[in-house]
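For this chain, numbers begin at 1 and follow the sequence in order. Hydrogens, waters and symmetry mates are skipped; everything else that's a heavy atom, side chains included, is used.
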Amino acid sequence: AARGLILTNHHVIEGADEVSVTLGDGRTLPASFVGSDPDTDVAVMRIKASGLSALPLADSSQLKVGDFVAAVGNPFGIGQTVTSGIVSAVGRSGLRGLGFQNFIQTDASINPGNSGGALVNLNGELVGINTASFNPRGSMAGNIGLGFAIPTSLARNIMGQLIANNGVVIRGTLGLESQDVDARLAQALHLDEARGAVVTQVFSGSAAASAGVKVGDVILSANGERIEDRDSLRNFEGLQAVGSRITLEVRRDGKPLTLTSTLREQPKAYVGTE
């Protein structure tokens, strides 16, 4: 609380010349910019004030479908509002145009203006940052019980990096290119189902190269997380920090194989190798 750090969404402050924060007691204070990460839509601001109370961060990995949650925000600018619901799903990804994703889905009402607000459990601990509502008719049509929040486990990591690295996030990467496995490829690669990411290129000096990943390997899971296709592998990578230990379940020539690797920093450009 003494540091006056404010966690919000990147899209809430994007393009703003100045940002002010209104507290529960009615004070409105100017906020200075600490850092922002468009890829996960997390931003950190700082305010100078006394008498602040910090919201404790829960371990969002303990959240289960059916847990009760409350969403706090300022929907449509009408003033601070709290809505309640349950956790509808965890680990949601594949939403269009929303960077790296590992969302908590909730049916608590989340409307325009809720973005950057708190998703809390019944102990009043932060479990997520409300980020998006889904409505086929556009978000301004209002809530249909499909809200998405960035889990605190991810937000805490990004926040820590933004504070430590002068406002930037340093991501780890395997250092490979891949493509989706379609039905034709699945048959050629002796796979039971058309799923996974088939490696098309391994960059020299990369984490993948040192782990022994070869062109033609099909990655089916990473750290136990199911890999559906190229996008889900990219999404998994984008959520990992440099130095993370990664266990890959792959198929090589139709046979199962486990490879382990430590992610390296994402260089600005790769020299292609085979």
Side-chain angles (χ1 to χ4, degrees), residues 5-13 34-45 54-73 82-111 114-134 143 145-164 169-172 221-228 231-242 244 246 263:
L5 294 169
I6 307 284
L7 201 50
T8 187
N9 284 138
H10 166 80
H11 79 260
V12 170
I13 61 148
V34 175
S36 197
D37 180 44
D39 289 330
T40 51
D41 201 10
V42 172
V44 180
M45 307 293 289
L55 194 56
L57 270 58
D59 177 2
S60 58
S61 67
Q62 299 301 306
L63 267 189
K64 292 184 173 55
V65 171
D67 283 354
F68 285 96
V69 285
V72 184
V82 179
T83 53
S84 75
I86 60 168
V87 173
S88 310
V90 293
R92 272 281 188 256
S93 60
L95 275 70
R96 279 208 155 130
L98 287 175
F100 297 125
Q101 303 173 12
N102 179 19
F103 290 123
I104 300 161
Q105 184 183 322
T106 178
D107 65 347
S109 213
I110 292 177
N111 284 296
N114 269 102
S115 286
L119 187 72
V120 296
N121 61 21
L122 294 191
N123 297 327
E125 299 164 328
L126 187 74
V127 292
I129 303 170
N130 305 324
T131 293
S133 57
F134 178 81
N143 166 71
L146 285 172
F148 298 92
I150 298 163
T152 47
S153 55
L154 172 55
R156 180 192 274 124
N157 172 309
I158 299 293
M159 178 175 80
Q161 287 206 49
L162 290 172
I163 295 163
V169 172
I170 302 168
R171 293 200 149 77
S221 90
N223 284 1
E225 194 177 303
R226 189 178 157 95
I227 300 296
E228 292 290 344
D231 282 351
S232 66
L233 179 60
R234 185 181 161 275
N235 190 64
F236 170 83
E237 273 188 275
L239 299 174
Q240 310 303 316
V242 173
S244 305
I246 306 294
L263 290 195

For the [atom1] atom of [X] and the [atom2] atom of [Y], what is their distance to the nearest 0.5 Å?
X: Ser93; Y: Phe148; atom1: OG; atom2: CZ; value: 10.5 Å
X: Gln62; Y: Asn121; atom1: CD; atom2: CG; value: 11.5 Å
X: Phe236; Y: Glu228; atom1: CZ; atom2: CD; value: 14.5 Å
X: Asn223; Y: Ser244; atom1: CG; atom2: OG; value: 8.0 Å
X: Glu225; Y: Ser232; atom1: CD; atom2: OG; value: 7.5 Å
X: Met159; Y: Leu7; atom1: CE; atom2: CG; value: 5.5 Å

Is a side-chain donor or acceptor of [X] paired with a backbone partner of [Y] at a separation under 3.5 angstrom?
X: Asn111; Y: Asn143; result: yes
X: Ser60; Y: Pro151; result: no
X: Ser88; Y: Asp107; result: yes
X: Asn130; Y: Ala118; result: yes
X: Gln101; Y: Leu95; result: yes
X: Asp41; Y: His10; result: yes
X: Asn9; Y: His11; result: no

Side-chain heavy-atom pair [X], [Y] within 4.5 angstrom cut-off:
X: Glu125; Y: Thr152; answer: no
X: Arg171; Y: Asp37; answer: yes
X: Phe100; Y: Leu154; answer: no
X: Leu98; Y: Phe103; answer: yes
X: Leu119; Y: Ile104; answer: yes
X: Leu239; Y: Thr40; answer: yes

**Message:** Can you tell me if Arg234 has over 12 outside heavy atoms packed within less than 6.0 Å of its CZ?
**Reply:**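 It does not: Arg234 CZ has 12 such atoms or fewer within range.
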What heavy-atom pair brings [X] and [Y] nearest, and what distance separates the two atoms?
X: Ala108; Y: Gly85; result: CB-N, 3.8 Å
X: Ile110; Y: Ala132; result: CG2-O, 4.1 Å
X: Ser109; Y: Asn114; result: O-OD1, 4.0 Å
X: Ala58; Y: Arg156; result: O-NH2, 3.8 Å
X: Ala155; Y: Ile129; result: CB-CD1, 3.7 Å
X: Val65; Y: Ala89; result: CG2-CA, 3.9 Å

**Request:** Applying side chain to side chain contact (heavy atoms under 4.5 Å, CB included) between Val42 and each of Thr131, Ile150, Val169, report the one that passes.
**Result:**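 Only one option passes, and that is Ile150.
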**Request:** Starting from the C-alpha separation in whole Å, work towards a yes-or-no answer on side-chain contact (heavy atoms from CB on, under 4.5 Å) for Val87 and Lys64.
**Result:** CA-CA 7 Å; Val87 173; Lys64 292 184 173 55; over 6 Å; no
